[in-house]
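A short worksheet on the structure shown next.
All ligand and atom numbering here is 1-based and tracks the order in the structure. The shown structure was predicted, so the numbers you read here are calculated from the model rather than taken from an experiment.
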Amino acid sequence: MSHVFPRHSRKSPPVVARGEGPFLYDKSGKAYFDGSGGAAVSCLGHSDPTVIAAIKSQIDTVAFAHTGFFNSEPAEALSDALIQAAPGNLDRVYLVSGGSEAMESALKLARQYALEKGEPNRRHIIARRQSYHGNTLGALATGGNMWRREPFAPMLMDTHHIAPCYAYRGQETGESAFDYGQRIANELETKIAELGAENVLAFVAEPVVGATSGAVPPVEGYFKRIREICDSHGVLLILDEVMCGMGRTGSLFAYEQEGITPDICAVAKGLGAGYQPIGAMLCTAEIYDTIRDGSGFFQHGHTYNGHPTAAAAALAVLTRLTVDGLADRVAPMGAKLHTALTDRFGQHAHIGDIRGRGLFIGMELVADRETKTPHDPALQLHGKIKAAAFDAGLICYPMGGTIDGKQGNHILLAPPFIIEDSHIPLIIDALDTAITASLP
Ligand code: PLP
């Protein structure tokens, strides 16, 4: 009898035996193409020799030293590399163990910055419906996904949500994409006015929405308008790039494609590429210096802040992405995958939208293409597709509740950047098999 507390008590997933390139193998020897990197994690596949060597070498030197006592060379080097790669004013890096911790750190840093700046009323967080920012209580309260929030609602801090930028469902007939983006961004201005600008701390958003909506990119001009609104009211812009960052959308930071820069940015997942658990919160010099010149102490911290082995792994990942150019493969390979998906599913009666950026692609399922009516949630279509694709040897990341936390289904793809042309038919055929087998 197992003593593991699994994700699902009534499911028993196979035991993973090894990983090689983009494939995972279970103990029976069956191969699975990792078409979603788990949940957009394994951007370098499962056997990158450089990253593995960096981890081994760091463990041989010093595996861990608490940041309450020591700084470390890997933490310094990784922070330098991240800041060098991040456009804009980001200047300091706070290393944690994953995405939720990075987001919690971002929220608390924003609050402490406001306090030390002499703006103690600033406390309200505004985020977007259908966003996901993590599962710890602060991050969960910030996220706008009803299904994930519901059981814990009585324990969540008060937050405020505006509409997501979701053109497939939100853009009106006759409205240009640009006008739609401006209209939706202006909801932030309305919400700030409602709460009183002097009380608003931060606006939080995923540049490209990941797990909850299925790789939904913003329309042109949306984030520029958001940045303008934040600036005019002294509201911090926190971008959650935990899923869409680290090259996934074709640029190292997804926000680069929006022509804006955040005050605080969270990354994780692709940062460690699964080789080590690591996340990071990046903030501007203005924020850091305010605390340095004020209390001198960010009242936060986790045991594994700045973990040397995790930092060494992430530095090796970042080097693979930037110096070795693996992130440069994302745009061309993403375009090939997108074209192949469009060729096979573009006219499919039950695929309403194929969207995304780079190797971050979502397909939204519909019962009717014309009316965009979703399938009955009781069908649990996403669960069926996930299981059928897995049987067919493909790991993909389908989810339900795409539209509002209850209605709608999508499939998220986030394959590793080492994907080759020959892998694309594997993905397309397994998806086709899985979708056909799962539709009512
Ligand atoms: N933010 C976003 C956008 C995510 O997609 C996730 C995880 O899926 C998180 C935060 C939380 O990250 P973690 O699961 O590493 O805590």
Side-chain angles (χ1 to χ4, degrees), residues 7 36-43 94-110 125 127-145 147-149 152 156 159 161 164-166 202-218 223 237-249 253-255 262 264-282 302 304-305 307 310 313-314 317 356-362 382 386 395-402 405 410 412-414:
R7 279 187 184 249
S36 60
V41 174
S42 302
C43 57
Y94 190 83
L95 294 173
V96 291
S97 300
S100 301
E101 277 189 12
M103 284 307 297
E104 293 289 337
S105 308
L107 298 172
K108 288 176 74 179
L109 180 66
I125 301 285
R128 302 188 297 179
R129 294 192 286 279
Q130 276 309 90
S131 58
Y132 179 58
H133 298 297
N135 257 334
T136 49
L137 289 173
L140 188 64
T142 302
N145 182 253
W147 172 74
R148 293 178 205 242
R149 292 170 56 94
F152 306 100
L156 300 180
T159 49
H161 294 94
C165 185
Y166 182 14
F203 176 65
V204 182
E206 297 163 76
V208 180
V209 182
T212 47
S213 293
V216 179
F223 271 106
L237 177 59
I238 300 177
L239 292 181
D240 179 349
E241 297 217 357
V242 167
M243 195 174 248
C244 63
M246 291 298 107
R248 176 59 58 199
T249 63
F253 290 84
Y255 70 72
I264 301 179
C265 183
V267 291
K269 293 185 186 272
L271 177 62
Y275 291 90
Q276 286 285 287
I278 184 164
M281 175 196 68
L282 287 69
H302 297 282
Y304 291 135
N305 278 163
H307 194 290
V317 169
R357 280 202 188 146
L359 284 169
F360 198 38
I361 302 180
H382 55 286
K386 183 179 171 186
I395 298 171
C396 60
Y397 189 6
M399 274 297 289
T402 311
H410 65 263
L412 183 65
L413 295 172

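- The closest side-chain heavy-atom distance from Val242 to Tyr132 is not below 4.5 Å.
- Sorted by chain and number, the heavy-atom contacts of ligand 1 below 4.0 Å come from Gly98, Gly99, Ser100, Tyr132, His133, Gly134, Glu206, Asp240, Val242, Met243, Lys269.
- Of the candidates Val204, Thr159, Thr136, Val204 is the only one forming a side-chain contact (heavy atoms from CB on, under 4.5 Å) with Leu107.
- Of all non-hydrogen atoms in Ala268 and Gly98, the two that sit nearest each other are CB-C, 3.7 Å.
- Shortest non-hydrogen contact noted between His161 and Arg129 is O-NH1, 3.7 Å.
- Defined by atom type and a distance below 3.5 Å, a donor-acceptor pair is present between the side-chain atoms of His410 and Thr402.
- Residues Leu95 and Ile278 form a side-chain contact, since some pair of their non-hydrogen atoms from C-beta on lies under 4.5 Å apart.
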